[in-house]
Each structure stands twice: as C-alpha cells, then as structure tokens.
*Asks:* 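Below is one structure. I have some questions about it.
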Amino acid sequence: MRLLWFFIALVVLGPWLSEYGLKLASEALILGLYAMAFNLLFRQTGLLSFGQAAFFGLGAYTMALLVARGGWPFPATLPLAFLVSALGALVIGFLSIRLSRIYFTMLTLAFAQLLYAVAHKWYAFTGGDNGITDLRPPGIWGESLFYYYAVLFLFALGVFFLWALERSPFGYALRALRDNRARAEAVGINAFGHLLLAFVISGALSGLAGALQGALQRSVFPDYLFWTRSAEAILATILGGSGVFLGPAIGATVFLLLRVVVQANTEYWPFFLGTLLLLMVLFFPKGLGGLALEMARKWPKGERRGASRS
C-alpha cells in the first residue's frame, strides 16, 4: 500500500514540474532503477559487483545502435536492450559467479573495463570517444512529460517485480545462500543456478536503465561502460541504505540532487561526496532510508509516552 501511494504521488507530481524538473526527475528514476538492480545482488546475495556499468552500457549502446544505424523506433529497442544486457550478464555471470568475495568483484570490474575499451576504440561501430549522438526520440516520446511518465511506468514495473521477487521462494533462497551457503546447499538449493539467475536479472534491469538514460541524454558515450558508472549505483545504495527496499532509489535521488546543487556552486564535488560518504558510513551506516525508518518507529513511541504522562 505504501508503494502504491508513493507512485500515485509521483504521477500527480508530473504536471507541476518544469522542463528541467521533468528531466531531473526522469534521471532520478532511471538511476533509482539502476541502483535497485544492483542492490538485488548486494542485499539479496551479498555479492558486490563493480561491473554493473557493463550491462548499463550494453543496454544504452543496443538502443543507440538500433536507433541510429537500424532506424528502429525507440520503444521497440527497449525489449532488445533488456535481452542483450541479460545475455551479457549470463556470459559474465557464468564466468564470475564461480569466484567469491574480492575475486568476484575484481572480475566483474575487469569485464566492464574490457567492454569500455572496445566501445572507446571501435570507431567504425560505436563511434569511439565521439559516441553516438542525435538520439532524440521522435514524436510524443521526445516530450518531457510523456517521457517522464514512460520512465515512471517502467520504474514501477521494475520495483514491483523486485518487491515480488524478494518475497518469493527464490528471494528466500538467495538470502539463505548469503547467510550460509554451505547450509543452503546442504538442504538442496542450487547455489550456482540461483546466483546466476539473480545476476542475469540484475544485469537486464541495469541495461533497461541504460537504454532509458541514453534516450534521455540523447547520446551515448563510452563512459556509460566506465567503472565510475558502477560506482554511482554503489554510492546511491550506500546513501539510501541497502537494507531498505526503496533505499537505493532514495539514495539515487539524493545523490543526483546533491550533485546538481554542489556542481552549480563549486568544483569540489568529489571532495564533498567523499566527506558525505564518510559521515554516512561512520554515523548512519543504515543510510537515509534506515534513518527514516528508525525515526518513524520512534515517533509513535514518543507520542504514546507523552500521552501517558499527561
């Protein structure tokens, strides 16, 4: 019910936003979907992937190449971007899931950087560092309000899918593998199969987010595949709190707003972000979402105590 009210509020908010506000809100939703896709791995399985940019970039380049080279309509590219990213995640996951902890993290980073190098150097196909530009979706898709609602619809589908997945037997199996892999395997859970499927789902949703971001920015460049793009999902998750379902989406919104405000007033955005993350890790390890939940739990107790004293 809370999720429903949350989406109703976002629907009502649309017409009140300016052109720039709609673009910013769309970008926040896209980054939120991307961060929640990352958190499916991080929270449910305990796997820290530094390679999410690989799938984000695969989705973006699939959309861009089909639109710019193939003449496809933008909506028709989204399912294929989803599938190509899922296929890329299947290959990378098949080779990476067998490793654990730091080895898994570094291998996913290596694959992402490999794809970045290919996109950066293959001028004939990807445009190299010039990227692929002039990707404005035609017709109504190019209107900011309609595009905001399209992104909101896909974000809602992704969120409800992840919500159902978390409460399904598959989600419980992933958490069992995270907490005690040996014991989970002993009761018959196929560890490799479950983790690989989670990796593919995470990659596919990241690719969808990449395709939406490319259309929003009307261009795709190799930095969509660079490791800093993976770091954005990680930072958003830390800010919002990985233990809260919508925490990564909250963190993505805060991350984006802070970046816009700070970069408009100073060039020291990395210093500001580093300081903020240090404070969050030291004093608010559960993130902004966890902090909000704790305050919400304490507030009724404080009201009851005040009522009993009076």
Side-chain angles (χ1 to χ4, degrees), residues 23-24 26-28 30-31 33-35 37-38 49-72 74 77-78 80-89 91-92 96 105-138 141-142 147 151 203-236 252 255-256 259-260 262-264 266-271 273-274:
K23 182 179 179 181
L24 201 62
S26 299
E27 189 171 357
I30 293 169
L31 182 56
L33 177 61
Y34 179 41
F38 162 79
S49 170
F50 260 61
Q52 290 302 111
F55 318 121
F56 189 89
L58 278 175
Y61 268 102
T62 299
M63 180 278 298
L65 289 168
L66 289 174
V67 169
R69 308 286 172 81
W72 284 42
F74 166 70
T77 67
L78 294 179
L80 199 58
F82 184 87
L83 291 175
V84 169
S85 301
L87 182 60
V91 175
I92 294 175
S96 305
T105 301
M106 297 309 296
L107 189 57
T108 56
L109 174 61
F111 277 117
Q113 290 301 99
L114 177 63
L115 289 175
Y116 165 76
V118 171
H120 191 268
K121 297 297 182 181
W122 198 355
Y123 281 87
F125 188 62
T126 65
D129 55 4
N130 294 321
I132 302 174
T133 57
D134 195 22
L135 295 175
R136 179 184 177 89
W141 285 91
Y147 193 78
V151 171
L205 290 175
S206 297
L208 178 62
L212 292 172
Q213 181 67 17
L216 179 67
Q217 299 294 340
R218 300 171 185 175
S219 57
V220 173
F221 293 95
D223 68 342
Y224 276 58
L225 293 153
F226 199 52
W227 71 268
T228 53
R229 189 70 65 168
S230 297
E232 288 183 1
I234 298 172
L235 294 174
F255 174 83
L256 189 62
R259 185 173 66 184
V260 169
V262 174
Q263 287 183 339
T266 178
E267 59 184 9
Y268 301 110
W269 161 243
F271 173 79
L273 179 61

*Asks:* Mind listing the closest non-hydrogen atom pair of Ala89 and Gly203 along with its distance?
*Replies:* CB-CA, 4.0 Å
*Asks:* Where do Ala37 and Ser206 come nearest, in terms of heavy atoms and distance?
*Replies:* CB-OG, 3.6 Å
*Asks:* Hey, can you tell me if Trp141 and Tyr147 have their rings parallel, tilted or perpendicular (30° and 60° cut-offs)?
*Replies:* perpendicular
*Asks:* Restricting to non-hydrogen atoms, name the atom on Ala35 and the atom on Ala236 that form the minimum distance, rounded to 0.1 Å.
*Replies:* CB-CB, 4.0 Å
*Asks:* Phe125 versus Leu65: any side-chain heavy-atom pair under 4.5 Å?
*Replies:* yes
*Asks:* Give me the atom names and distance for the closest heavy-atom approach of Ala204 to Ser85.
*Replies:* CA-CB, 4.1 Å
*Asks:* Whether the side chain of Ser230 engages the backbone of Phe50 through a donor-acceptor N/O pair (distance < 3.5 Å, no angle test) should be reported.
*Replies:* yes
*Asks:* Just checking, is any N or O donor in the side chain of Asp129 or Tyr123 under 3.5 Å from an acceptor N or O on the other one?
*Replies:* yes
*Asks:* What's the shortest heavy-atom distance between Ala60 and Tyr224, and which atoms?
*Replies:* CB-CD2, 3.5 Å
*Asks:* Identify the heavy atoms of Leu58 and Gly88 that sit nearest to each other, and give their distance.
*Replies:* CD1-CA, 4.1 Å
*Asks:* Taking atom CZ of Arg218 and atom OG1 of Thr133, what is their separation to the nearest 0.5 Å?
*Replies:* 12.5 Å
*Asks:* Hey, could you give me the CG/CZ distance between Leu205 and Phe82, rounded to the nearest 0.5 Å?
*Replies:* 5.5 Å
*Asks:* I want to check something: taking the side chain as every heavy atom from C-beta on, are Thr126 and Val220 in contact at a cut-off of under 4.5 Å?
*Replies:* no
*Asks:* Could you check His120 against Leu225 for side-chain contact (heavy atoms from CB on, under 4.5 Å), going step by step and ending with a plain yes or no?
*Replies:* CA-CA 9 Å; His120 191 268; Leu225 293 153; over 6 Å; no
*Asks:* Mind checking whether Leu135 and Met63 have side chains closer than 4.5 Å, heavy atoms only?
*Replies:* yes
*Asks:* Main chain of Ser49, side chain of Thr108: is a donor-acceptor contact present, judged purely on distance under 3.5 Å?
*Replies:* no
*Asks:* Near Trp269 CH2, under 6.0 Å, is it more than 12 heavy atoms from other residues, nucleotides or ligands?
*Replies:* yes
*Asks:* Let me confirm one number: the CZ-CD distance from Phe56 to Glu232, rounded to the nearest 0.5 Å.
*Replies:* 7.5 Å
*Asks:* Return the CG to CZ distance between Leu31 and Arg259, rounded to the nearest 0.5 Å.
*Replies:* 7.5 Å
*Asks:* Thr62 and Leu66: side-chain contact (heavy atoms from CB on, under 4.5 Å), yes or no, with the steps?
*Replies:* CA-CA 6 Å; Thr62 299; Leu66 289 174; 3.9 Å; yes
*Asks:* A side-chain contact here means heavy atoms from C-beta on lying under 4.5 Å apart; do Ile30 and Val151 qualify?
*Replies:* yes
*Asks:* Under a 3.5 Å distance rule, please check whether Tyr34 uses its side chain to pair with a backbone N or O of Arg229 as donor and acceptor.
*Replies:* yes
*Asks:* Between Phe255 and Leu273, is the side-chain contact (heavy atoms from CB on, under 4.5 Å) condition met? List the steps.
*Replies:* CA-CA 9 Å; Phe255 174 83; Leu273 179 61; 3.9 Å; yes
*Asks:* Under the side-chain contact (heavy atoms from CB on, under 4.5 Å) rule, what do Thr266 and Phe271 come out as? Steps first, then yes or no, please.
*Replies:* CA-CA 10 Å; Thr266 178; Phe271 173 79; over 6 Å; no
*Asks:* To the nearest 0.5 angstrom, please state how far the CG atom of Asn130 sits from the CZ atom of Phe221.
*Replies:* 8.0 Å
*Asks:* If you count the non-hydrogen atoms of other residues, nucleotides and ligands that lie under 6.0 Å from CZ in Phe74, is the total more than 12?
*Replies:* yes
*Asks:* Would you compute the distance between atom CG of Leu256 and atom CG of Leu24 and round it to the nearest 0.5 angstrom?
*Replies:* 4.5 Å
*Asks:* Could you check Leu208, Leu115, Ile92 and say which one makes a side chain to side chain contact (heavy atoms under 4.5 Å, CB included) with Phe55?
*Replies:* Ile92
